[in-house]
Amino acid sequence: MRTTITQIKEMKAKGEKIPMLTCYDYSTARILDEAGVPMILVGDSLGMVMLGYDSTIPVTIEEMLHHTKAVTRGVKNALVIGDMPFMTYQTGHVDAMKNAGRFLQEAGAQAVKLEGGEHMANTVRHLVEIGIPVQGHLGLTPQSINQLGGYRVQGRSAAAARKLLDDALCLEQAGAFSIVLESVPTPLAKLITEKLSIPTIGIGAGPYCDGQVQVIHDMLGLFPDFVPRHAKQYLRLGDLIREAVTEYNREVRDGAFPTAKESHTMDERLLEELT
Ligand code: KIV
């Protein structure tokens with residue numbers, strides 16, 4: 001039985017921290033699930049780390065559904081959230097409902113995430129009313145990168161901090177079950193976390209959020225283009241893969257791979273008949 005949004009909300013009530021990771025494929029999903037991660041986000045960050053786009057803007061609903069299906073096939077226990085890509089919900093409630101519904105109906109996700117505060121509250125309310133749980137996303141919202149002018153910390157001025165707090169309260173009132181806070185100063189994230197009864201999930205928002213989320217490629221050292229300041233590399237998987245592939249490349253060229261151990265035998269008499 002997969003984790004529910006009720007269980008995620010209970011974790012905050014009990015003071016239990018909530019780990020969340022992004023994931024985009026079946027094999028990795030199985031590993032995260034077996035490791036006990038309770039919440040998996042199929043983030044539109046896949047546009048950058050899986051597909052090589054230079055932002056999340058070009059990601060389509062079909063790409064998101066394709067990867068979400070792969071992830072849900074690998075997950076038995078975690079709550080799976082599908083990230084609504086740019087222009088699949090900003091264009092109105094009906095679009096939002098149709099597209100969010102596809103994540104649940106076609107891809108097996110249990111919730112969706114969307115970016116934006118007060119101006120998205122009505123959309124969140126509509127989705128929740130028809131039975132689609134919503135995770136909000138505030139602070140640095142990468143789908144607005146052209147408006148924000150860069151990947152910068154948000155909420156640093158008094159007015160911007162007040163707006164972020166108001167946005168968070170609006171999303172809670174609209175029925176969001178949790179909110180991602182991305183690149184927000186630690187004290188502001190702490191205040192928002194204390195003011196909300198739903199969990200905050202931080203990324204570059206300090207240690208006081210109810211949970212944390214990381215892009216899996218960042219924490220595994222697998223994304224070569226850059227390492228964000230908020231990422232901790234638990235592994236340098238990219239280096240390990242490079243070493244393994246270099247060795248394979250050399251062994252094939254030298255004739256050292258495959259050996260008898262990786263090959264198949266057959267009845268010698270059959271071979272004699274053939275020759
Ligand atoms: O797309 C994504 O991976 C995200 C997380 C960084 C929260 O939105």
Side-chain angles (χ1 to χ4, degrees), residues 8 18-25 28-29 32 37-61 63-68 70-71 78-90 99-100 103 107 109 111-117 120 124 133-145 148 150-155 164 167-168 171 176-184 189 192-193 198-206 209-220 222-223 225-233:
I8 295 295
I18 308 165
M20 175 161 109
L21 275 172
T22 70
C23 185
Y24 318 102
D25 68 284
T28 312
L32 301 195
V37 173
M39 194 153 61
I40 291 177
L41 171 69
V42 186
D44 64 354
S45 50
L46 72 80
M48 296 164 91
V49 300
M50 298 293 292
L51 304 177
Y53 299 145
D54 63 1
S55 76
T56 59
I57 304 284
V59 176
T60 66
I61 182 92
E63 286 165 342
M64 288 304 304
L65 292 173
H66 174 78
H67 285 271
T68 307
V71 168
L79 176 82
V80 178
I81 303 167
D83 210 0
M84 303 273 292
F86 185 52
M87 295 309 280
T88 62
Y89 58 98
Q90 291 93 338
N99 289 316
F103 276 98
V112 296
K113 176 170 83 58
L114 54 80
E115 298 181 6
M120 279 298 150
V124 172
V134 180
Q135 180 171 68
H137 185 159
L138 295 174
L140 173 51
T141 45
Q143 291 174 15
S144 303
I145 196 62
L148 297 175
Y151 295 94
R152 300 202 186 95
V153 176
Q154 301 295 307
L164 260 179
D167 281 342
L171 291 179
F177 76 92
S178 65
I179 300 177
V180 169
L181 296 177
E182 178 164 354
S183 298
V184 172
I192 294 173
T193 301
I198 55 170
T200 57
I201 311 293
I203 174 163
C209 293
D210 299 302
Q212 296 292 326
V213 56
Q214 288 283 291
V215 171
I216 185 107
H217 285 59
D218 291 340
M219 65 153 291
L220 295 181
L222 198 50
F223 185 55
D225 293 1
F226 63 89
V227 182
R229 181 189 150 103
H230 56 65
K232 174 171 171 185
Q233 286 193 326

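Read the numbers this way: they start at 1 and go in the same order the structure lists the ligands and their atoms.
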Exercise for the section: Provide, to 0.1 Å, the distance between atom 4 (C) of ligand 1 and the closest protein heavy atom, together with that atom's residue and name. Expected result: L41 CD2, 3.6 Å
Exercise for the section: With rounding to the nearest 0.5 Å, note down the distance linking CD1 in I8 to CE in M39. Expected result: 4.5 Å
Problem - Heavy-atom check, side chain of E115 versus side chain of F86, under 4.5 Å - result: no
Problem - Within-4.5 Å side-chain heavy-atom neighbours: L171 and I198 - result: no
Practice task
Please tell me if the side chains of F103 and I81 come closer than 4.5 Å, counting only heavy atoms from C-beta onward.
Solution key: no
Completion exercise
ligand 1 to T22, heavy atom cutoff 4.0 Å, flagged ligand atoms 3 (O)
Problem - Closest protein heavy atom (residue, atom, distance) for atom 2 (C) of ligand 1 - result: S45 OG, 3.3 Å
Exercise for the section: Give the atoms of ligand 1, by number and element, whose distance to some non-hydrogen atom of G43 is under 4.0 Å. Expected result: 1 (O), 2 (C), 3 (O)
Handout entry: Short side-chain to backbone donor-acceptor contact, T28 and D25, under 3.5 Å
Key = no
Problem - Exam field: side chain E182 to backbone V153, donor-acceptor pair closer than 3.5 Å - result: no
Exercise for the section: Specify side chain, backbone, both or neither for T56, according to which of its non-hydrogen atoms lie closer than 4.0 Å to ligand 1. Expected result: neither
Handout entry: Aromatic ring pairing Y24/H67, orientation class (parallel under 30°, perpendicular over 60°, tilted between)
Key = perpendicular
Practice task
Indicate, as side chain, backbone, both or neither, the part of L46 found under 4.0 angstrom from ligand 1 when only non-hydrogen atoms are considered.
Solution key: neither
Handout entry: Residue, atom name and distance, where the atom is the protein heavy atom closest to atom 8 (O) of ligand 1
Key = K113 NZ, 3.0 Å
Practice task
Go through ligand 1 atom by atom and flag the ones less than 4.0 Å from a non-hydrogen atom of I203.
Solution key: 6 (C)
Fill in the blank from the handout: For H137, the ligand 1 atoms with a heavy-atom partner under 4.0 Å come out as 8 (O)
Handout entry: Atoms of ligand 1, numbered as shown, that sit under 4.0 Å from any heavy atom of D83
Key = 1 (O), 2 (C), 8 (O)
